[in-house]
2 protein chains.
Amino acid sequence: MMRPTTKDLAKAAGVSLATVDRVLNDRPGVREDTVKIVHEMIEKIGFIRNLSAANLARSRSYRFLFLVPRTGDQFLAELIARVAEANTTLASDMSFAEVAQIHESDPHQIADYLSALDPQAVDGVAIMAPESPQARDAKAQLRRRGIETVTLISGQTSGDEVFVGIDNHAAGATAGRLMGRFLADRRGKLMVIAETMRARDSLERRLGFDEIINADYPQLNVLPSLETHGDPDRTERVLAQTLASHSDICGIYLLGSEARLPLQKVAHLRPEAKPIIIAHERTPFTEAGLRSGQIDALITQDPGHLVRSAVRIMRARCDRREVLASQEKIRIEILLSENL
Amino acid sequence: MMRPTTKDLAKAAGVSLATVDRVLNDRPGVREDTVKIVHEMIEKIGFIRNLSAANLARSRSYRFLFLVPRTGDQFLAELIARVAEANTTLASDMSFAEVAQIHESDPHQIADYLSALDPQAVDGVAIMAPESPQARDAKAQLRRRGIETVTLISGQTSGDEVFVGIDNHAAGATAGRLMGRFLADRRGKLMVIAETMRARDSLERRLGFDEIINADYPQLNVLPSLETHGDPDRTERVLAQTLASHSDICGIYLLGSEARLPLQKVAHLRPEAKPIIIAHERTPFTEAGLRSGQIDALITQDPGHLVRSAVRIMRARCDRREVLASQEKIRIEILLSENL
DNA sequence: AAGATTCTGAGGTGCGTACCTCAAGTTGGT
DNA sequence: ACCAACTTGAGGTACGCACCTCAGAATCTT
């Protein structure tokens with residue numbers, strides 16, 4: 001009944017504890033064949049390392065950093081709250097997660113920040129920042145210095161770096177499908193509103209959205225993306241302009257994570273026929289919109305899941321363990337007012 | 001930087017390690033005021049118990065049982081596979097999960113099985129079984145004997161027992177909303193097919209479905225639920241009968257977790273106009289149906305998440321810890337072919 | 001045979017647990 | 001008032017398991 005310990009393993013393999021330990025931790029100083037024998041015995045007697053004991057002995061603690069933009073919307077606020085929340089659970093596991101906010105606009109600042117990180121003090125960084133050559137290089141350098149990195153929500157991955165977030169192309173396609181189906185046989189134009197189309201996630205969503213609409217709903221016509229740049233005046237202007245020049249807008253796809261601004265403006269400008277509105281991310285605002293019927297559907301990713309997944313992945317990589325792939329796949333969730 | 005240990009706590013509170021331990025574990029033999037002082041110092045110095053060390057010292061292992069029906073569909077198979085998968089991760093944490101299958105039809109057998117469990121050998125049971133007074137009493141008795149219980153997927157909860165699964169009423173409502181929206185202005189009858197309507201989850205789904213259709217889609221008419229009882233012949237008979245007497249069936253809601261049988265029969269019987277089909281649970285079969293377009297949407301709950309959540313909850317209750325409520329809430333997922 | 005490589009064995013570490021021991025305080029009988 | 005018999009409070013410490021270091025022994029190079 002008792003699970004075999006390193007002692008049993010040492011005895012079974014006919015080596016000492018020290019050697020077993022070296023094999024288990026991939027340390028040098030053990031002959032090839034000895035390594036093989038030990039591994040065979042691990043299989044044979046079903047040895048499983050006791051993580052509690054290992055962590056205790058290492059007296060290892062893990063410090064993870066979430067690097068996110070300084071200026072943000074409600075979704076970002078939610079994400080930050082989830083990091084704090086995750087911390088309460090992590091603490092009993094000798095892990096800590098912190099948030100650092102940074103001006104996303106300047107790639108150099110991001111690179112500098114990453115370069116300044118001390119591998120002694122930080123074990124992993126989850127980065128949510130627009131892609132740039134500088135950031136990519138800084139991340140690669142970080143990994144060389146022994147700090148794990150994962151890309152969060154958007155941005156590019158390089159090498160064996162992991163991406164934590166939804167498949168944005170599929171998310172866009174999902175939005176497209178819902179739009180098409182909810183509109184049934186109505187014909188008209190679709191407005192697509194983003195904060196900026198420079199971000200990879202926005203581009204991918206747009207691509208997925210277009211693919212479905214163009215393939216299956218020829219009676220719908222997707223207009224060029226409008227960019228708000230987070231500016232109320234600009235938003236109002238481009239929206240008014242578009243609504244004025246197209247009388248037959250029957251659907252609006254808000255593909256950024258900040259639905260608030262464009263939605264308020266749209267409500268204010270009142271297109272004649274109520275368009276189907278599909279937005280991204282669950283925030284107090286979009287939730288209220290869904291409840292009131294202003295928004296017809298939300299495509300979301302659970303920020304709590306994102307945070308926990310990022311932590312689990314960084315932790316596993318620190319320990320050179322495998323993760324459960326199925327657990328780390330972030331779901332594209334569809335929210336209606338019924339399944340809020 | 002170093003996290004305070006029991007030693008620091010003992011020093012701070014002016015007591016010995018043993019006393020600290022007694023306070024931490026609610027053991028008797030410590031004066032009221034001493035307990036209070038220790039608790040105050042815990043707050044003051046920010047002591048957090050190191051779970052790894054605690055479990056190591058206790059040399060505690062956890063054994064959890066998943067009690068599921070003997071006869072089952074692909075969803076059940078998936079669930080069982082997830083338990084096995086979870087085991088690989090749990091092992092390093094000194095936890096084990098096992099599956100026990102039982103004839104769900106006989107409440108007495110379930111009760112007997114539960115009564116026979118040894119608290120020495122089992123720490124928690126996740127039960128997926130139809131509700132019955134016998135089962136409820138057996139569960140209550142189990143908890144009294146120190147075995148944690150959670151109710152999985154369907155069934156009633158009593159006392160402070162936790163339910164792990166989706167809100168079936170909301171799931172039915174979600175199906176109803178999708179059905180209504182996908183059908184747009186089409187008018188006609190809706191077929192509802194279940195394995196049995198005796199299970200609470202089926203009833204709740206039906207209720208939620210009806211609520212939405214009746215409130216918002218008066219042009220649709222929900223027919224009485226058809227029961228398959230898992231019998232191919234019976235399924236074909238009732239389906240043929242219904243299709244024969246109603247020429248205007250425009251939607252089918254499959255509210256059981258076994259969509260396979262009715263779907264095959266429907267495909268075979270071919271209603272004239274392609275109805276919108278909404279089913280529950282993701283299985284290889286329903287996934288293929290969604291891809292091919294036979295099924296229009298799936299309402300699902302992730303079996304991996306169910307299993308892990310059940311384990312986390314049982315584990316937390318064993319350790320008298322709080323769980324992260326937001327993590328344990330099982331999402332009602334909507335699957336289209338785009339976000340599979 | 002000198003030197004390099006591989007391996008051993010012992011012992012300490014981390015942190016909380018649990019059992020055993022001892023001291024102080026309480027009650028009761030006479 | 002005094003001592004025995006308890007109850008209660010608190011200290012001491014071996015233990016769980018893997019990690020890690022280090023001196024020294026065994027084996028392999030060339």
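The model shown is predicted, which means the values in this text are computed figures rather than measured ones. Here is how names work: the chains are called A, B, and so on, in the same order as the sequence lines, proteins then strands, and each is numbered from 1. Just so it is clear, the values below take in all heavy atoms, side chains as well, and ignore hydrogens, waters and symmetry mates.
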(message) Let me test you: for the helix from C:dA1-D:dT30 to C:dT30-D:dA1, what is the angle between the axes at its two ends (five pairs each), rounded to 10 degrees?
(response) 30°
Listing time: all N or O pairs from protein to nucleotides 17-19 of chain D that are below 3.5 Å?
from   : atom 1 : to      : atom 2 : distance (Å)
D:dA18 : OP2    : A:Thr6  : N      : 2.6
D:dA18 : OP2    : A:Thr6  : OG1    : 2.9
D:dC19 : OP1    : A:Arg49 : NE     : 2.9
D:dC19 : OP1    : A:Arg49 : NH2    : 3.2
D:dC19 : OP2    : A:Asp21 : OD1    : 2.9
D:dC19 : O5'    : A:Asp21 : OD1    : 3.4

Rounding to a whole Å, what distance do you find between [X]:[atom1] and [N]:[atom2]?
X: B:Ile42; N: C:dG16; atom1: CD1; atom2: C1'; result: 13 Å
X: B:Lys36; N: D:dG9; atom1: NZ; atom2: P; result: 16 Å
X: B:Asp8; N: C:dG14; atom1: CG; atom2: P; result: 12 Å
X: A:Glu32; N: C:dC7; atom1: CD; atom2: C1'; result: 15 Å

(message) Applying side chain to side chain donor-acceptor pair (under 3.5 Å), can you list everything that pairs with B:Arg312, at least two apart in sequence or on another chain?
(response) B:Glu328
So which heavy atom on [X] is nearest to which on [Y], and how close?
X: B:Ala10; Y: B:Leu17; result: CB-N, 3.9 Å
X: B:Met94; Y: B:Arg60; result: CB-O, 3.7 Å
X: A:Gln141; Y: A:Ser115; result: OE1-OG, 3.6 Å
X: B:Val122; Y: B:Ile147; result: O-CG1, 3.6 Å
X: B:Cys318; Y: B:Tyr62; result: CB-CE2, 3.8 Å

Under 3.5 Å, sequence neighbours excluded: what are the donor-acceptor pairs made by side chains of residues 26-41 of chain A?
from    : atom 1 : to      : atom 2 : distance (Å)
A:Arg27 : NH2    : A:Asp21 : OD2    : 2.5
A:His39 : ND1    : A:Val35 : O      : 3.4

(message) For a side-chain contact (heavy atoms from CB on, under 4.5 Å) check, start with the C-alpha distance between B:Arg308 and A:Leu324, then their side-chain angles and the critical distance, and finish with the verdict.
(response) CA-CA 11 Å; B:Arg308 289 186 295 268; A:Leu324 214 57; 3.9 Å; yes
(message) Please pick, from C:dC7, C:dG9, D:dA10, the nucleotide with the shortest atom-to-atom distance to any side-chain atom of A:Ala18.
(response) C:dG9
Could you go through residues 74-93 of chain B and list every donor-acceptor pair under 3.5 Å that involves a side-chain atom there, pairing it with any protein atom two or more places apart or in another chain?
from    : atom 1 : to       : atom 2 : distance (Å)
B:Gln74 : OE1    : B:Thr283 : OG1    : 3.1
B:Gln74 : OE1    : B:Phe285 : N      : 3.4
B:Glu78 : OE2    : B:Arg82  : NE     : 3.3
B:Glu78 : OE2    : B:Arg82  : NH2    : 2.7
B:Arg82 : NH1    : B:Glu85  : OE1    : 3.2
B:Arg82 : NH1    : B:Glu85  : OE2    : 2.9
B:Glu85 : OE1    : A:Ser326 : OG     : 3.2
B:Glu85 : OE2    : A:Ser326 : OG     : 3.4
B:Asn87 : OD1    : B:Ala97  : N      : 3.0
B:Asn87 : ND2    : B:Ala97  : O      : 2.4
B:Thr88 : OG1    : B:Glu85  : O      : 2.6
B:Ser92 : OG     : B:Thr89  : O      : 3.1
B:Asp93 : OD2    : B:Arg315 : NH1    : 3.3

(message) Using a 6.0 Å distance limit plus a 45 degree cone around the ring axis, check whether B:Arg49 lies over the aromatic ring of B:Phe47.
(response) no
Name the pairs: protein N/O against N/O of nucleotides 2-5 of chain C, kept only if under 3.5 Å.
none

(request) Would you indicate, yes or no, if C:dC7 has its OP1 or OP2 atom less than 4.0 angstrom from a side-chain nitrogen or oxygen of A:Arg22? (result) no
(message) Does D:dA10 have its OP1 or OP2 closer than 4.0 Å to a side-chain nitrogen or oxygen of B:Ser16?
(response) no
(message) So that I can tick it off, tell me whether A:Arg317 and A:Asp160 are bridged by a salt bridge, with the cut-off set at under 4.0 angstrom between side-chain N and carboxylate O.
(response) yes
(request) Just call it for B:Ser52: base, sugar-phosphate, or nothing, with non-hydrogen atoms closer than 4.0 Å on any strand. (result) nothing
